[in-house]
Amino acid sequence: MTKSMLHIYTEKEGLRLGLVGWVKNTYKGTVVGQVQGPADMVEEMKVWLSKEGSPTSRITRASFTNQRSIDKLELSGFKTRF
């Protein structure tokens, strides 16, 4: 399985912002994931995911749930899950 363009751009943006996390396409044609890092950078990533995404993305809606503050990162790197 190869990485989709969305994942390549999402990983690149997450790493650029100094975030850790993962993304995954669902069978419903949506994307799910988890992002951790400094709150201001997480907010910047949410804006990017909501408005920009990869060059071939068609974003109709973005929803961010289960948000919480953490004391230390629980993940490492930024990966694509299949």
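Bear in mind that the values here come from a model prediction, so they are computed numbers and not experimental data.
Rounded to the nearest 0.5 Å, atoms OG1 (Thr80) and CG (Asn25) are 8.5 Å apart. Between the NZ atom in Lys72 and the CD atom in Glu74 there is a gap of 8.5 Å [rounded to 0.5 Å].
The neighbour count for Lys46 NZ, taken as heavy atoms of other residues, nucleotides or ligands under 6.0 Å away, is above 12.
A continuous path of Ile, Leu, Val, Met, Phe, Trp and Tyr side chains, each step under 4.5 Å between heavy atoms, connects Leu15 with Val31, placing both in one hydrophobic cluster. Connection of Trp22 to Val20 is established within a shared hydrophobic cluster, with ILVMFWY side chains joined at heavy-atom distances below 4.5 Å, either directly or through further cluster members.
Side-chain contact between Trp48 and Leu17: absent, with no pair of heavy atoms (C-beta onward) separated by less than 4.5 Å. Within the 4.5 Å cutoff, the side chain of Thr10 has heavy atoms near those of the Met45 side chain. Considering only heavy atoms from C-beta on, Gln34 stays 4.5 Å or farther from Arg81 through its side chain.
Side-chain N or O atoms of Gln36 include one that pairs as donor or acceptor with a backbone N or O of Leu75 at under 3.5 Å.
The heavy-atom pair separating Leu19 from Gly37 by the smallest distance is CD2-CA, 3.7 Å. Across Phe64 and Gln67, no two heavy atoms sit closer than the pair O-NE2, 3.1 Å. Tyr9 approaches Ser54 most closely through the heavy-atom pair CD1-CB, 3.6 Å. Across every non-hydrogen atom of Pro38 and Gly18, the tightest pair is CD-O, 4.3 Å.
Qualifying side-chain contact (heavy atoms from CB on, under 4.5 Å) partners for Thr26, counting only residues two or more places apart in sequence or in other chains: Lys28, Thr30, Val32.
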